[in-house]
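Below, each value reflects all heavy atoms present in this structure, side chains not excepted, and no hydrogens, waters or symmetry copies.
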Amino acid sequence: AAAKGLEEMPVVYTTGIYMHMVFVFFLLVNVLHNYVLCVTTRNNGPAFDRVVRELAEVTDFQYPETEEERVESKRAYEQKMIAKGRARRDIARQRRQEANMAAMTNKQEMQNGNGSVTASIDFGNGVSSTTATAPKLAPAPPIPAMPAWMLMGASEWGWCQKSNQPKPPRSHFDHVTKNLVLNMDHYCPWMFNTIGYLNYRYFCNFLFHVWVSMVYGTILTAVPFRNMNGVRVRDQIKMSKEAGFKTAQHMLRMVPIPEDRTALTFAFMLCLSIGIAISVLGGFHLYLMLTAQTTIEFHGNFAKRRGAARRGSKWNNPYSVGWKNNFRLVYGARHPLLAILPSSREPQFLPIPINGKLVRRHRQSKKEEDASLAIPQGDAEQSN
């Protein structure tokens, strides 16, 4: 029976083995393709310049070309930031005054010696007609520092002091590569590159295909790993001896031999641990992509939402145009299954939506324009 099983095994598993090899080759090609493009795609150069010029055109920003225009643009930015800082301090001062007046006019019954003070309220006519016991006011906390980009409008341009050039919306200066990066997310040491507008799709595709590979590897090794110390291992050794083999052979399906223990354990634990790590990282970036945020903006938006909640209001992300169009901002208007296939095309839409709608780039190659799909107007409206 054992000999018969060995003779039939190649015939039974030939199709499955070929399908397995094709699928593994497909995953390997996608992982390597997206990794290489993510590493080699530069966030500066002609591609950056094309996007910046188009973005300046749709946002009505006069991009400086001469040295005099650059100096004037920088001066205008500095004056604008001074005005924004002054307005922010005035608002904070007004809120502190309102809080102090509310505390002074809130009469409380307090015992002597508990730190209370007696305050006289002057109504403006020089006569203090009412006195009230009020709690001792704590000194006003300093205004917390805030990055300049958090003071800017959604489509407002700034000036990068590090690279000495106009700073498009959602862009940040990367101190590792020394470049101004559109939609900068983070610097990835595994990619040796900064993840931003031009290579974010490659980064997400790389995470997705690595995750699929790790899940597939975990599924393949889970059952043999579970059977590694089971009764079927002893049955397989016994069957091997009865068949005339000196060492254990693969006589039973999904049952390893003793020589496989080290490699099987390593493969299972490696796939499982990397799969869990990629699930967390990939899930976070899926959330960022569907909500139109970068990692940098995620922290800034959290502070804005918290501040709005303290004031009793709600803050909405100005770059979010609904999860479908947020996905299209990264992957384009193609079908999602086609969008994750290997491709070296540039992003199809500009880094930011304008008036709640995605803006298609017009400086693409003819091939990319023919392959792109139209977006329904109703889907491009921002969902509240």
(request) Give the C-alpha distance, both sets of side-chain angles, the deciding distance and a yes or no for side-chain hydrogen bond (donor to acceptor under 3.5 Å, both in side chains) between N301 and Q293. (result) CA-CA 9 Å; N301 293 345; Q293 301 181 88; 3.0 Å; yes

(message) Would you compute the distance between atom CG of N199 and atom CG of D185 and round it to the nearest 0.5 angstrom?
(response) 9.5 Å

(request) Any chance you could measure N43, atom CG, to T177, atom OG1, to the nearest 0.5 Å? (result) 6.5 Å

(request) Look up atom NZ in K162 and atom SG in C160, then write down how far apart they are to the nearest 0.5 Å. (result) 7.0 Å

(request) Go through the steps to decide whether R170 and E297 satisfy the test side chain to side chain contact (heavy atoms under 4.5 Å, CB included), and finish with yes or no. (result) CA-CA 8 Å; R170 304 189 74 182; E297 293 170 351; 2.8 Å; yes

(request) Answer with yes or no whether the hydrophobic clustering places L28 together with F26; edges join I, L, V, M, F, W, Y residues whose side-chain heavy atoms lie under 4.5 Å apart. (result) no

(request) Tell me, with the steps shown, if Y200 and T41 meet side chain to side chain contact (heavy atoms under 4.5 Å, CB included). (result) CA-CA 10 Å; Y200 189 60; T41 300; over 6 Å; no

(message) Evaluate Y35 against H33 for ring pair (Phe, Tyr, Trp, His ring centres under 6.0 Å), listing each step before the verdict.
(response) CA-CA 6 Å; Y35 180 80; H33 172 82; over 10 Å; no

(message) Is the shortest side-chain heavy-atom distance between F23 and V212 below 4.5 Å?
(response) yes

(message) Are R42 and N193 packed together at the side-chain level, in the sense that at least one heavy-atom pair is separated by less than 4.5 angstrom?
(response) yes

(message) Which heavy atom of G282 sits nearest to which heavy atom of L207, and what is that distance?
(response) CA-CD1, 4.2 Å

(message) Are F302 and L288 linked, directly or through intermediate hydrophobic residues, by side-chain heavy-atom contacts shorter than 4.5 Å (ILVMFWY only)?
(response) no

(request) Measure the shortest side-chain to side-chain distance between W159 and K167 over non-hydrogen atoms and say whether it is less than 4.5 angstrom. (result) no

(request) Given ring pair (Phe, Tyr, Trp, His ring centres under 6.0 Å), test H20 with Y216 step by step and report yes or no. (result) CA-CA 10 Å; H20 164 76; Y216 186 61; 5.6 Å; yes

(request) Look at the aromatic rings of F61 and Y63 and report parallel, tilted or perpendicular, splitting at 30° and 60°. (result) perpendicular

(request) Group every Ile, Leu, Val, Met, Phe, Trp and Tyr by side-chain heavy-atom contacts under 4.5 Å, then state whether V29 and F206 land in the same group. (result) no

(message) Once you measure the plane-to-plane angle for Y331 and F327, does it fall in the parallel (<30°), tilted (30-60°) or perpendicular (>60°) bin?
(response) parallel

(message) Ring centres under 6.0 Å, that's the criterion: do F284 and F298 meet it?
(response) yes

(request) For the residue pair L182 and L198, establish whether any side-chain heavy-atom pair is separated by less than 4.5 Å. (result) no

(message) Looking at every heavy atom in both K314 and A308, which two are closest together, and how far apart are they?
(response) C-CB, 4.2 Å

(request) Provide the closest heavy-atom pair for I352 versus A154 in the form atom of the first, atom of the second, distance. (result) CD1-O, 4.1 Å

(message) Does the plane of the ring in H285 sit parallel, tilted or perpendicular to the ring in H186? Use 30° and 60° as the thresholds.
(response) tilted

(request) List the steps and the verdict of side chain to side chain contact (heavy atoms under 4.5 Å, CB included) for Q161 and E78. (result) CA-CA 10 Å; Q161 303 291 348; E78 293 174 346; 4.1 Å; yes

(request) Measure the shortest side-chain to side-chain distance between S279 and V215 over non-hydrogen atoms and say whether it is less than 4.5 angstrom. (result) no

(request) Could you tell me the separation between the CG atom of N164 and the CZ atom of R70, rounded to the nearest 0.5 Å? (result) 5.5 Å

(request) Using a strict cut-off of less than 4.0 Å between a Lys/Arg side-chain nitrogen and an Asp/Glu carboxylate oxygen, indicate whether E65 and R53 qualify as a salt bridge. (result) yes

(request) State, yes or no, whether a side-chain contact exists between E68 and V71 at a heavy-atom distance under 4.5 Å. (result) no

(request) Please check if any side-chain donor atom of S320 sits under 3.5 Å from a side-chain acceptor atom of N326, or the reverse. (result) yes

(request) For side chain to side chain contact (heavy atoms under 4.5 Å, CB included), just list the numbers for Y197 and V181, CA-CA rounded to whole Å, side-chain angles, deciding distance to a tenth of an Å, and then say yes or no. (result) CA-CA 8 Å; Y197 171 74; V181 182; over 6 Å; no

